[in-house]
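The basis for the numbers below is simple: all heavy atoms, side chains too, and nothing from hydrogens, waters or symmetry mates. Whatever order the structure lists them in is the order used to number ligands and atoms, beginning at 1. Not measured: the values here are computed from a predicted model.
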Amino acid sequence: MEPSLEQRIEEAIRNPQNLGEMEGADAVGTVGSPDCGDMLRMWVKFREQDGKKVIDRATFQSFGCQTAIAVASVATELIAGKTIEEAMAMSGQELAAPLGALPPMKIHCAQLVEGALRSALAPEQAQAAAPAPAAEGIPSPTLFDQLSQGQSNQGKVKIVLKKDSTIQP
Ligand code: FES
């Protein structure tokens, strides 16, 4: 017989994976639930794989309910090996998927895990998306610079008048 949701949660709590603070983590995220006042913190370490930055491992600490602990336990296992974008795209329900579908009153427990993960990964994603800063001492040209440069090339500009087909000779 398939274990029930309660049995899977109990099993995850009896043997929680990746529980505890991580020394030397690359990213940390903490979130609190406005619904119940519970809190969850997640630490993430990255590694390079095939030229991509992927999650090497993640750990968590929970000041919350048993469902949040169970979801965090399975979620930290699920996200290992995923890129930041892949992990950021996962919903609370997806992170809790190994436990099975959560009842509506427990969905916010999975969202707590999702929130902590996003809080840890968002700065990494923003950093990766930010354009490289302009090299020092070489400011990017302003519109004025570009126009002045255009004026110095004036002699080389060839102006071609288009023949207006409506005007007959
Ligand atoms: Fe608040 Fe589960 S009851 S996180």
Completion exercise
Residues passing the side-chain contact (heavy atoms from CB on, under 4.5 Å) test with D50, sequence neighbours excluded, are none

Handout entry: D56 side chain near F46 side chain, heavy-atom distance below 4.5 Å
Key = no

Problem - M39 side chain reached by Q61 side chain, heavy atoms, under 4.5 Å - result: no

Exercise for the section: Show all protein N/O/S atoms under 2.8 Å from atom 2 (Fe) of ligand 1, or state that there are none. Expected result: C65 SG, C109 SG

Problem - N18 side chain to T59 side chain, donor-acceptor N/O pair below 3.5 angstrom - result: no

Practice task
Could you tell me whether the side chain of T83 reaches within less than 4.5 Å of the side chain of K53, counting heavy atoms only?
Solution key: no

Practice task
Side-chain contact test, heavy atoms from C-beta onward, threshold under 4.5 Å: evaluate it for F60 versus R41 and give yes or no.
Solution key: no

